[in-house]
2 protein chains.
Amino acid sequence: MDRVDELAEQADERAQSPSNAAATAPSRRKPESGTLGKALDVLDVIALSEKPPRFTDLLGQIDQPRGTLHRQISNLVAEGLVAVNPDHSYVPGLRLLKLAARAWSGNTFRLLAEPHIRQLHEATGETVHLGLMSGLEVIYLDKIESKQTVRMHSQVGNASPLYCTGVGKAMLARLPAEECAKRADQFEYFRHTPTTLHTPKLLLAEIEEIRQTGISHDREEHEPGIRCVAAGLSDDKQGIIAGVSVTAPAFRIADDDIENWQVLVLQAARAIERDMEARLGPRSQE
Amino acid sequence: MDRVDELAEQADERAQSPSNAAATAPSRRKPESGTLGKALDVLDVIALSEKPPRFTDLLGQIDQPRGTLHRQISNLVAEGLVAVNPDHSYVPGLRLLKLAARAWSGNTFRLLAEPHIRQLHEATGETVHLGLMSGLEVIYLDKIESKQTVRMHSQVGNASPLYCTGVGKAMLARLPAEECAKRADQFEYFRHTPTTLHTPKLLLAEIEEIRQTGISHDREEHEPGIRCVAAGLSDDKQGIIAGVSVTAPAFRIADDDIENWQVLVLQAARAIERDMEARLGPRSQE
DNA sequence: AATTGAGTTCCAAATAACGGAACTCTGTAT
DNA sequence: ATACAGAGTTCCGTTATTTGGAACTCAATT
């Protein structure tokens, strides 16, 4: 019943049917209530499609009568949330970028954490991420890229499952044990790589370890060849659970590096936590 | 009557009343029609506020009865477009980031242009932008940052006026003369710096020059100390008007650099145009 | 010329949004 | 302690928007 569930479900749908999803998938979409919700349903579908969908494609994926759907799309277009190509296919509109840009650059938590992850990047020379827990996913709020990374242009805003990412596991370890176990049961485990922790048991065992050390490792569990070292952080006052990580290709990493990074990542996480408390002390709103 | 106008107006409102706008400003906001539009009005206000507004702040800026506004906000929160802080202040929600991330990374034009601006960055070593024309503004679709830039963290998604930016002027020069003149009259000129072109006449004269050379200069017209060299590009088939630029602090720039960059920027723009046509040839939709 | 499929428009009926007023908190002054 | 004021929330009859089926247009095919 959670928004996150729904989005995860959509992602699955897409993963299972690489290309011609529109024609075959019999609309597994549960309609939301409220005018706004329905409009966002449509927007979601448009945003999540890899090829810009056309009217009929949408009609297949969204359980609405033609007339209704048409008006809903028209509204989205009128508001600038969706744009139409000359060939009548739909793409997400620029207004989204504008809104999100504001959301992002104004996010106080990100602003507060930024200097610390920047420093972490300078100390390690590798790609650094700042992630935030949102339901069963981690959403990347910021990243600083290592000099030359070919693949992966800006994860910012992207979401990944908690169970197979360094920051994700670090954040889970920050939850009360029961809550953590509850979530472990809710995941739909997918074995991204041979090392992915793909059962609640495996996951919870590792999280117990993370709780001891404060450090979490991603040993090519999400993408082959990619490892990372992460630490969690939280702030009860604001109800924030987040994490920072250093990521690098496995072949480039020496054991010395790992040990180094563990210290640095922990320092960064603690520094951010300290700043959060400090900021909340003097004046509560700003 | 344009969306862009409205947003520009909002920006003005903010610029004029730095801090306690909520209390004093008598809500210059014209309500949009349709449920969606009203919801987005609220979202806009939340996104554009510099401090997270509280319920009463919003009530002051949006001309709606308390009960109504409250429900509208509740809906936004339920949809994840807005989040509530513990102290009941509102911030834009993470769902926006997620939607925009998809919108951005899936944008075919951006993907197509990316290798070229990357190359431009490598050739110049300076910060490079890719901008798209949207109404009276340029929206930055991508940028690659020069090694150490302290200020300005990610312009991506941000909007600036056309008349005072390098890419903006370059794009205007791509319009038919009448259309260009029409827009020149629509701007609300603000003298950001002493060199800002602040009348239609000044602007049109410069644009005529840009039309000859294909190259546009920002001579600290938007921000003091910042100069840039830009070139416009367009594609009639898709109706896209865009531009690329190289930006750097004025003190660091030698005359040789400028001449160099002119050539490189033009090359990049032409290369992107060529790719667009090529992409549109083989198969029209993808 | 006829047929199909895609996209668009229309309007009575159903539904969701509206908005005024009443209510609940929480912190502050008496 | 008690009253007060301000912020935030809920309720419900009224009102306006959304709904969805059907009819219509346009372009490409047969």
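Just so we're clear, the structure is a prediction, and the values are computed from it rather than from any experiment. Naming: A, B, ... by sequence-line order, numbering from 1 per chain. Only this structure's heavy atoms are used, side chains among them; waters, hydrogens and symmetry mates stay out.
Proximity of A/Ser74 to the phosphate of C/dT8: no side-chain N or O atom is located under 4.0 Å from OP1 or OP2. Phosphate proximity of C/dG7 to A/Thr56: present, with a side-chain N or O under 4.0 Å from OP1 or OP2. For D/dT9, the OP1/OP2 oxygens have a side-chain nitrogen or oxygen of B/His70 closer than 4.0 Å. Considering only side-chain N and O atoms, B/Lys38 lies nowhere under 4.0 angstrom from the phosphate OP1 or OP2 of D/dT17. For D/dT18, neither phosphate oxygen OP1 nor OP2 lies less than 4.0 angstrom from any side-chain nitrogen or oxygen of A/Gln64.
Of the candidates D/dT9, C/dT9, C/dA16, D/dT9 carries the atom nearest the B/Arg66 side chain, counting heavy atoms from C-beta on.
A donor-acceptor distance shorter than 3.5 angstrom exists from the side chain of A/Trp104 to the backbone of A/Leu141, with no hydrogens or angles considered. Counting only distance, with no hydrogens or angles, the side chain of A/Arg211 and the backbone of A/Ala173 share a donor-acceptor pair below 3.5 Å. Checked by atom type and distance alone, the side chain of B/Gln64 never pairs as donor or acceptor with a backbone atom of B/Leu59 at under 3.5 Å.
To the nearest angstrom, C1' of D/dT9 lies 14 Å from CG of B/Asn75. In this structure, the CG atom of A/Leu36 is 12 Å from the P atom of D/dT19, given to the nearest Å. Atom CG in B/Asp57 sits about 13 Å away from atom C1' in D/dG6, given to the nearest Å. Rounded to whole Å, atom C1' of C/dT8 lies 12 Å from atom CG of A/Leu69. Atom NE2 of A/His88 is separated from atom C1' of D/dA28 by 14 Å (rounded to the nearest Å). Per the geometry, CD1 belonging to B/Ile73 stands 15 Å off P belonging to C/dG19, to the nearest Å. A/Gln72 has its CD atom 9 Å from the C1' atom of D/dT18, to the nearest Å. Summarising the geometry, the separation between CG on A/Leu58 and P on C/dT8 is reported as 12 Å, rounded to the nearest angstrom.
Judged purely by distance below 3.5 Å, without hydrogens or angles, the side chains of A/Arg54 and A/Ser89 never pair a donor atom with an acceptor atom.
Base engagement by B/Thr68 is indicated by at least one non-hydrogen atom pair under 4.0 Å involving a base atom.
Judged by closest nucleotide on DNA chain C, A/Arg71 is the one of A/Arg71 and A/Thr35 placed further toward the 5' end.
Considering all non-hydrogen atoms of both residues, A/Leu43 and A/Leu76 come closest at N-CD1, 4.1 Å.
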